Amino acid sequence: MASDLTLAPPWCPPRERQPAPRGLAPRPAERAAEVAALRTAVDAALPHVFDPAASLRDAGHALRRALNREDTAAEHAALAQGLAAAQAAWQLPPALVDAACHLVLQGAVPLPRAAERHPALALAAAAWAASGRPCMLVTADDEAAAQASRALLPRFTALGLNAAPAGSDANGAALRRAYATDVVIVPARRLAADLARDRRERGSGDAQRLEARLQGEAGAGLLVTRGVFAVLIDELDRVLFDDAVNPVLLSVPDDSTALGEALLQARHAVDALQAAQHYTLSAEQGLWWTPAGATLATELIAQLPPLWRQTERGEWLLRQALAVRDLLQPGRDYTVAGPQVHLDDSIGRTLPDRTLMPHLTQAVQARAGLALSPVTRATDRTSVLGLAASAHRLGGAAVDLQGLAAPLWRQHGLLAAPAKAEAPLRTRSEACADDAAWQARIQAAFGAPAGVHRLFVLRQLASAARFADLPGAKAEAWVLAGLGPQRVLAQRREADEAEGRAPATRIEVLFIEPLEGPRAEAQFLARVRDAAPDAAIDACVLLHPQARWVEQALGPLAGALRAACRGWPARAARLLDVTLALLRWQTTRQQARSLHAQAQREHQLKLQLSFAGASAAPPPPTPEPSRRTP
């Protein structure tokens, strides 16, 4: 393995040009013929592989020459040789070899089980990594990266390839060593942030000076990645669609305005303010001062740090501190885990206005008496979409590609393979007449019989508070959908072993509120099946007309739906199913618009930087004007 002082070069520059407008996707018959030709070449090369590691090295040399010449035919021939070498070492089922052929030909494949996705991705990664260019196996989160690492690192080692994980907590020399390996297994947002940081470093200052520093002790660790070439994505639908709407912000610790000290002082200052006597506060009406409150607030603002004594700034601090104290509830709007605070996704609806969101985590920590997280200043903005656009070769696998064939081709140039015989698990819906019946149905599910693990799935923290209030809920296993079920199911298995009980043969998953869409539910159930491959799995989602999602779907018409469900209880299930379909259609449109808007912002930023002739950080967004209160 290379030393820390020589890890950065050679740099493989990310693709900067915008992709050309794509026409119609190739016909399925044409795509099938292309994949079949590659698979035939793999089968023809297999009998000639006697030493897989040596054959893979030879394939890598041939692939490097083909890439340098931009010879597509030679590239496919070298890829076939590399796939054959890896297949000779690993002996994977034929279906996974077909999936790997799709992957190296810019394809997306549906594979419901991680035990299938990971080897197929590894087979494609081995073929690309042999060329010596950067190859990344990208996962949705750290837990998926750890699972893939446990399954694949021994395979890569047996083939003579270096591979390492680069988790979100990795730093320093360990991170540089991980990116210097042939294959790095890394969460998507971590890779996007590291690549953006390195691109900024290489694009600023004197390039010759930078390269000189890279070769000396002073420059060790200046860059962590080697650029980007081949990117293979696990859980492609989640990485490129569901989670990609959130940008990746690069920041540095910077509290030049003494904001941390001001937040702490504001937290103690509002203890002198009493509701009704000094102010009225609600999410609908905002904050209104009484004459006595306005006088006292002026005195409290004068005690803040100098830069926060200006009236508008000081009042913003007091409004935020009062909202945290009076409107936010632990367990509903946020949870505290050690020194960390996790905000609920819907917390913005509890606040009087969105201007109170900046540094809300620190304000909650101040109220809870915790050490404040560092106050940071954003220095750059990137996204997973930008990462995918900069890859020279892209491929991925997912639990389910239902409805994604068109956007995969249009946005990323990926061709979706036909679904396999084993379809993802689906949920059935069950309607409850009202909120009381919904709670009774959940209560009746407590106390699973022997041999059954029952898992209650929540979408947001707001539901966790209601769930925790039900009698007996503390003894039940529940999990947030975004966190995954592996840890909870592992704890249940350990408890069964410790108490001498037989392992569970059935897992019942109860979604006490619907998730974003059928694919999100299929993703969750796939992780359940990966954690318990031998257990039978049953899934059900509970619907009732008084739920919050009904108002999100219908707005002012929600009352009419509830009246209809009361008047025609036999049709309540059908009415709720139609309402849920409407909500998911709205969510899909909103997600598509968010992805398009984010891609437009990144393109506009590149244009601004190209006109400026520099790679400076993007200008900070213009703050919204704060609403003045009397």
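Remember, predicted model here, so these are calculated numbers, not experimental data.
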With sequence neighbours left out, write down each residue that passes ring pair (Phe, Tyr, Trp, His ring centres under 6.0 Å) with W308, or none if nothing qualifies.
none

Could you measure the distance from the CG atom of L356 to the CG atom of L287? Nearest 0.5 Å is fine.
9.5 Å

Less than 3.5 Å apart, any donor N or O on the side chain of T427 or E521 sitting next to an acceptor on the other?
yes

OG1 on T579 to CD on E551, rounded to 0.5 Å
12.0 Å

Pair T280-Q285, side-chain donor/acceptor within less than 3.5 Å
no

Does one side chain, of Q523 or D237, offer a donor that lies under 3.5 Å from an acceptor on the other?
yes

Are F511 and F524 close enough that their ring centers fall under 6.0 Å?
yes

Within the distance-only criterion (no hydrogens, no angle test), does the side chain of T290 pair as donor or acceptor with the backbone N or O of Q277 below 3.5 angstrom?
yes

Determine whether D400 and R426 make a side-chain contact, defined as any pair of heavy atoms from C-beta on separated by less than 4.5 Å.
yes

Return the set of residues passing ring pair (Phe, Tyr, Trp, His ring centres under 6.0 Å) with Y179 (not counting sequence neighbours), or none when no residue passes.
none

Strictly by modelled atom types, are H544 and D434 linked by a side-chain donor-acceptor pair under 3.5 Å?
no

Judged by atom type as modelled, is there a donor-acceptor pair below 3.5 Å linking the side chain of Q486 to the main-chain atoms of V528?
no

Mind checking what makes side chain to side chain donor-acceptor pair (under 3.5 Å) contact with S429, not counting sequence neighbours?
D577

Within the structure provided, determine whether V457 and I512 are in side-chain contact (heavy-atom separation under 4.5 Å).
no

Pairing residues for H453 by the ring pair (Phe, Tyr, Trp, His ring centres under 6.0 Å) criterion, not counting sequence neighbours
none

Counterpart residues, side chain to side chain donor-acceptor pair (under 3.5 Å), relative to D435 (two or more places apart):
Q439, R466

Suppose we screen for side chain to side chain donor-acceptor pair (under 3.5 Å). Which residues come up paired with D530, at least two apart in sequence or across chains?
none

For residues D198 and T225, is any side-chain donor paired with an opposing acceptor at under 3.5 Å?
yes

Are L394 and I233 close enough that some pair of their side-chain heavy atoms sits under 4.5 Å apart?
yes

